[in-house]
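The structure appears right after this line, and notes come after that.
All chains are named by letter (A, B, ...) in the order of the sequence lines, taking the proteins before the strands, and each is independently numbered beginning at 1.
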Protein chains: 2
Amino acid sequence: MAVQGAACGIYDCAQCEHLAKGLCSGCVNANSSLIESHDSACAVYECVSKKAISGCSNCGETACTLKRDVESLCPMRSRYENSRWWAGRMALAMESRRTVARVNNKRQISERVITRLRCYLTALDGLAKEGMSNVSSWRLAERVGVNAALIRKDLSRFGDFGVPSFGYRVDFLIERIRDILGLDRRSKVIWIGAVSLSLQAASINRLCNHSCEITAVFDIDAEQIGETILGLQVLSLDDIGQVLAHADIHAAIIAIPGPEAVAVSERIVSSGITAILNLSGETLNVPDTVRVSNFDLVGELLELCYYSRP
Amino acid sequence: MAVQGAACGIYDCAQCEHLAKGLCSGCVNANSSLIESHDSACAVYECVSKKAISGCSNCGETACTLKRDVESLCPMRSRYENSRWWAGRMALAMESRRTVARVNNKRQISERVITRLRCYLTALDGLAKEGMSNVSSWRLAERVGVNAALIRKDLSRFGDFGVPSFGYRVDFLIERIRDILGLDRRSKVIWIGAVSLSLQAASINRLCNHSCEITAVFDIDAEQIGETILGLQVLSLDDIGQVLAHADIHAAIIAIPGPEAVAVSERIVSSGITAILNLSGETLNVPDTVRVSNFDLVGELLELCYYSRP
DNA sequence: TAGATTGTTAATCGATTAACAATC
DNA sequence: TAGATTGTTAATCGATTAACAATC
């Protein structure tokens with residue numbers, strides 16, 4: 001730990017602007033609910049969003065600098081969450097991070113928009129199959145189940161795809177959305193969990209139509225390794241570094257059940273994966289730079305129970 | 001069709017306030033993009049949200065009444081979507097429907113809140129397993145990855161579960177959330193798609209801990225019927241009426257791929273199912289009174305491609 | 001041309017967050 | 001008592017919708 005002996009305060013990682021909490025061991029009694037599970041010396045790092053004990057949980061950097069001015073402002077037993085001071089620091093840190101995200105482009109398009117775009121794409125594929133050559137925002141809206149104005153707004157963000165009084169050409173719009181989602185060039189993804197993949201054979205076809213391809217299958221179950229699923233040999237997770245080194249792969253599906261999924265996620269992230277679809281139901285612990293999309297079947301079923309009450 | 005020979009206008013179903021569009025065949029040329037796939041006589045019903053050709057797609061009622069005053073207001077070639085008049089009708093219809101929903105209780109709690117509650121529950125289960133007996137909103141927030149104020153707000157909606165300066169008792173909070181989600185009494189759900197269920201054995205345990213039980217398995221694949229999965233004999237969908245008649249079951253998981261899922265959903269809804277988790281990737285066509293939650297694996301993968309672009 | 005439908009701005013709506021008095 | 005943390009109100013933020021001039 002770099003900041004040994006530092007006073008009670010709140011720290012920023014000099015490397016990545018990740019905000020961490022530092023608790024002085026002198027606060028043990030006063031602030032017991034925050035510190036009870038840790039017993040290190042004077043400076044215990046406690047990340048707001050992640051729960052790291054040492055160093056910055058975001059970038060792994062341990063040379064975090066203590067902002068000295070903190071000492072005078074932060075009382076020994078500060079009210080972290082609600083203090084104006086903390087709120088200010090928090091807002092500042094979030095703002096700076098947001099700016100970085102904005103510069104790195106992308107993330108400024110909200111996740112909702114991306115989700116809707118792929119829904120439009122699915123609907124348009126259907127329309128094309130039915131032989132429709134053009135469609136109005138209103139008709140597409142009806143099909144997808146959203147407001148027509150929202151569709152026009154979503155699309156106009158990326159260019160003028162429509163023609164007033166005529167609508168949108170179906171084939172052209174499909175082309176453009178595929179372009180936006182990056183489906184214009186072949187994408188490769190890896191699948192972790194052999195058994196679950198064998199089930200999805202039916203979906204894989206639809207996937208291939210969109211130049212998205214499952215390139216490799218991994219498993220942690222020794223019994224599965226070596227088997228062949230959908231024409232792919234199941235590999236050990238030990239081979240992942242090798243596979244990713246030789247190909248342009250950044251996306252993975254974690255489809256193994258249980259807590260092992262957490263370790264698997266850490267492993268694949270360190271091998272270069274930047275987007276994960278997590279079907280394990282576990283909460284993954286990955287850097288902010290990695291995009292995780294969660295689907296928890298059990299959680300969904302519990303929700304279902306709520307909605308099914310008579 | 002009940003309103004044969006009606007003029008060009010917009011109709012309400014007298015039965016359920018469902019709003020439908022009526023197009024006069026006289027508009028064919030003017031409004032071709034809207035009517036091209038239909039060739040019926042003067043009054044073609046075209047539901048705003050569903051795409052029904054005859055009768056009210058919401059309640060099946062065919063005795064829809066034409067509001068005669070419409071004739072004078074709606075020009076032969078009206079601008080449906082943007083006219084103030086249409087907007088007014090729409091708002092009115094939506095409002096009346098919303099009122100009904102509010103009276104039937106439930107839906108006033110937003111879906112987001114329900115989703116978060118089950119996330120809190122999962123986190124609390126974890127805390128309980130780790131031996132924590134109490135937790136502050138701040139600490140729980142850290143674990144779930146949301147704002148502490150939001151947790152307090154969500155929970156306070158249902159009662160005063162916390163104690164100032166102390167936080168929340170973990171076991172008590174688990175109890176309360178289970179109660180809110182209706183997990184305090186045994187819930188039964190049916191699963192459609194034998195093969196996919198066989199995969200989920202690992203998840204089913206977690207499910208049982210929450211008094212949610214998969215009671216019956218159905219399939220449309222003759223080869224699967226009669227097999228035994230997780231101790232349940234796979235039944236034909238023809239038996240569904242019989243099964244639902246004898247038990248208090250209102251929730252179903254559709255886990256078969258392909259367009260057959262649409263017909264299946266219509267069938268189970270008519271047998272009394274009111275909540276569906278749809279894993280088929282197809283867009284289901286069910287009344288507003290049925291709650292559908294969709295998960296489309298292929299769609300999620302397409303999104304993943306977007307986020308994985310370097 | 002007349003009418004339909006777009007792209008876009010302003011208005012609305014709902015959800016999240018900040019702040020703080022009340023409370024243990 | 002002093003300090004921590006709740007429940008709740010007001011402020012902010014973002015997403016959706018309505019409206020309409022521009023355009024084909």
Rounding to an integer number of Å, can you tell me how far [X] [atom1] sits from [N] [atom2]?
X	N	atom1	atom2	value
B:N134	D:dA4	CG	C1'	12 Å
A:N147	D:dA19	CG	P	11 Å
A:L150	D:dT16	CG	C1'	6 Å
A:Y168	C:dA4	OH	C1'	13 Å
A:E111	C:dT16	CD	P	13 Å
A:W138	C:dG3	CH2	P	20 Å
B:I151	D:dT5	CD1	C1'	13 Å
A:I109	D:dA15	CD1	P	12 Å

message: Would you say A:R152 places a side-chain N or O within less than 4.0 Å of OP1 or OP2 belonging to C:dG7?
response: no
field: A:R116 vs D:dA15: side-chain N/O to OP1/OP2 distance below 4.0 Å
entry: no
message: For a quick test of reading the model, state the closest non-hydrogen atom pair linking A:A275 to B:S308 and the distance between them.
response: CB-CB, 3.8 Å
- prompt: Of all heavy-atom pairs between B:R152 and B:S137, which one has the smallest distance, and what is that distance?
  reply: NH1-OG, 2.9 Å
- prompt: Of all the base pairs, Watson-Crick or G-U under 3.5 Å, which form stems of three or more consecutive pairs involving DNA chain D?
  reply: C:3-24 with D:3-24
message: Do B:S293 and A:E300 pair up side chain to side chain, a donor and an acceptor below 3.5 Å, judged on atom types alone?
response: yes
Proximal nucleotide (of C:dT16, D:dT6, C:dA15) relative to the B:S110 side chain: C:dA15
- prompt: Is there any side chain to side chain donor-acceptor pair (under 3.5 Å) pair reaching into residues 154-164 of chain B, and which pairs are they, with sequence neighbours excluded?
  reply: B:R116-B:D154, B:Y120-B:D154
- request: Report yes if the distance between the aromatic ring centroids of B:Y168 and B:F161 is under 6.0 Å, otherwise no.
  value: no
field: Residues within residues 153-165 of chain B bordering DNA chain D, heavy-atom distance below 4.0 Å
entry: B:K153, B:S156, B:D160, B:F161, B:G162, B:V163, B:P164, B:S165
